[in-house]
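Data block below; observations after.
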Amino acid sequence: MKFLFISAADKAIAWREAILGKFPDATFDIWPDEVVDKASYDYAIVWRPPVGELKTYLNLKGILSLGAGIDGILMDTELPDDIPVVRLVDRCLTEGMSEYVLYWVIHYHRRMGVYLNWTANGTWKQMRQTDTRDKKVGFLGIGELGSDAAGKAAALGFDVAGWSRTEKKIDGITSFYGADGLVPFLNRTEILIILLPLTDSTKGIINKDTLAALPEGASIINCARGAHVVDEDLIAALDSGHINAATLDVFHVEPLPEDHPYWTHPKVTVTPHVASLTVPSSAADWMEENIKLIEAGKPPLNTVDVKKGY
Ligand code: NAP
Ligand code: GLV
């Protein structure tokens with residue numbers, strides 16, 4: 001079996017080890033330097049393949065994403081349409097995302113940013129503590145990642161809701177869905193987490209109108225994609241005081257350009273797209289399972305609906 005790897009070179013060694021650990025007789029070639037005989041590859045393991053590249057490997061049986069989000073793969077408008085594109089759903093990725101989300105939800109709920117500023121300046125001062133059960137946390141996107149984090153937030157006692165395309169029935173989580181559900185969902189959400197895929201319908205979803213629908217003093221955690229947010233609208237809402245603070249892990253351009261106002265904005269915390277990174281040793285289990293399904297002539301798990309965009 002032959003694997004083609006297209007991603008940042010510094011990630012390749014760990015992936016080679018993980019994949020060859022599962023398929024010891026396989027060959028794992030790193031694009032572009034190691035590619036020989038394009039027709040010989042069975043599986044492409046990719047992050048953001050160059051447009052038009054994958055269609056030149058004529059015998060691929062599957063395109064396996066290195067991440068949960070496949071917007072970077074779907075930017076290739078010339079993808080072969082007769083093989084599955086499979087996105088990553090992995091225990092470590094899911095648990096890592098829930099850790100990141102809960103860290104910031106608790107940070108905002110317990111107002112740790114304010115306390116850390118005060119104590120850094122030698123100020124001893126207390127604020128009234130509020131009941132966790134009254135704190136309304138909302139997930140825009142309640143799929144693989146959102147539902148795990150939402151369940152864990154609910155287990156901590158937060159009042160949790162999710163917004164999705166279709167109705168969800170998850171114990172302890174209020175479901176809002178579809179275009180009609182968006183504003184009521186936002187109206188009640190004091191800590192908003194964005195965990196949507198980036199598609200034509202979700203691009204720019206955080207804009208002046210949706211920000212205005214959040215209650216005064218809401219906080220935002222974006223750990224999906226930068227293009228969900230209209231940056232100027234978020235900065236205006238932070239400056240006006242309507243939005244309390246934002247933690248942003250993802251940006252329109254990454255790395256975030258040096259002169260971007262987010263770097264120095266007092267109400268913005270920037271993290272460098274690390275909300276949850278793929279752990280090859282764990283994600284290789286999922287790759288192995290899907291490859292076995294494809295080899296057995298069965299449909300793989302988590303196949304992307306290319307038309308839907310996720
Ligand atoms: P998923 O399982 O596909 O879940 C997507 C959720 O979004 C579903 O609840 C879906 O609703 C909802 N949704 C999609 N389009 C919608 C629309 N137009 N209106 C309302 N709801 C919509 O995806 P996931 O695995 O949870 O991943 C979510 C995203 O997280 C990824 O796409 C990626 O961009 C991002 N991510 C970021 C990092 C990081 O480190 N920052 C790491 C991993 C992933 P339905 O279920 O009703 O279809
Ligand atoms: C990371 O951003 C991912 O989509 O897995």
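Every number for a ligand or one of its atoms is a count from 1 in the order of the listing.
Using the six-membered ring where Trp is involved, Y41 and Y57 have ring planes that are perpendicular, over 60° apart on the 30 and 60° scheme.
For a threshold of 3.5 Å applied to N or O pairs, the pair formed by G69 and ligand 2 contains at least one separation below that value. Here's the thing with T278: none of its N/O atoms is less than 3.5 angstrom from an N/O atom of ligand 2.
If you number the atoms of ligand 2 from 1 as listed, the ones under 4.0 Å from a heavy atom of R225 come out as 1 (C), 2 (O), 3 (C), 4 (O).
Note: I73 CD1 to M75 CE = 10.5 Å, rounded to the nearest 0.5 Å. Rounded to the nearest 0.5 angstrom, Y43 OH and L4 CG are separated by 13.5 Å. Interatomic distance, Y103 OH to I221 CD1, rounded to the nearest 0.5 Å: 11.5 Å. We find the NZ-CD1 distance between K61 and I83 to be 11.0 Å, quoted to the nearest 0.5 Å.
No hydrogens or angles considered: a donor-acceptor pair under 3.5 Å links the side chains of Y100 and T271. When only modelled atom types and interatomic distance are considered, D148 and T94 share no side-chain donor-acceptor pair under 3.5 Å.
Closest to atom 2 (O) of ligand 2, if we only count protein heavy atoms, is H273 NE2, 2.6 Å. For atom 3 (C) of ligand 2, the nearest non-hydrogen atom of the protein is A68 N, 3.4 Å.
Scanning all heavy atoms of the two residues, the minimum distance from L256 to W263 falls at O-NE1, 3.2 Å.
Using a 4.0 Å cut-off between heavy atoms, E254 makes no contact with ligand 2 at all.
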Find all protein N or O atoms under 3.5 angstrom from an N or O atom of ligand 1 and list the pairs with distances, or write 'none'.
from     : atom 1 : to   : atom 2 : distance (Å)
ligand 1 : 2 (O)  : R87  : NH2    : 2.8
ligand 1 : 2 (O)  : E144 : N      : 2.9
ligand 1 : 3 (O)  : R87  : NH2    : 3.4
ligand 1 : 9 (O)  : I142 : N      : 3.0
ligand 1 : 9 (O)  : G143 : N      : 3.2
ligand 1 : 11 (O) : R165 : N      : 3.3
ligand 1 : 21 (N) : R165 : N      : 2.9
ligand 1 : 25 (O) : R87  : NH1    : 2.9
ligand 1 : 25 (O) : R87  : NH2    : 3.0
ligand 1 : 26 (O) : E144 : N      : 3.4
ligand 1 : 26 (O) : L145 : N      : 2.9
ligand 1 : 34 (O) : R225 : NH1    : 3.2
ligand 1 : 40 (O) : S276 : N      : 3.0
ligand 1 : 40 (O) : S276 : O      : 3.1
ligand 1 : 41 (N) : C223 : O      : 3.0
ligand 1 : 41 (N) : D249 : OD2    : 2.9
ligand 1 : 46 (O) : K168 : NZ     : 2.6
ligand 1 : 47 (O) : R165 : N      : 3.2
ligand 1 : 47 (O) : T166 : N      : 2.7
ligand 1 : 47 (O) : T166 : OG1    : 2.5
ligand 1 : 47 (O) : K168 : NZ     : 3.3
ligand 1 : 48 (O) : R165 : NE     : 3.4
ligand 1 : 48 (O) : R165 : NH2    : 3.3
ligand 1 : 48 (O) : Y310 : OH     : 2.5

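Between F5 and F28, the gap from one ring centroid to the other is short of 6.0 Å.
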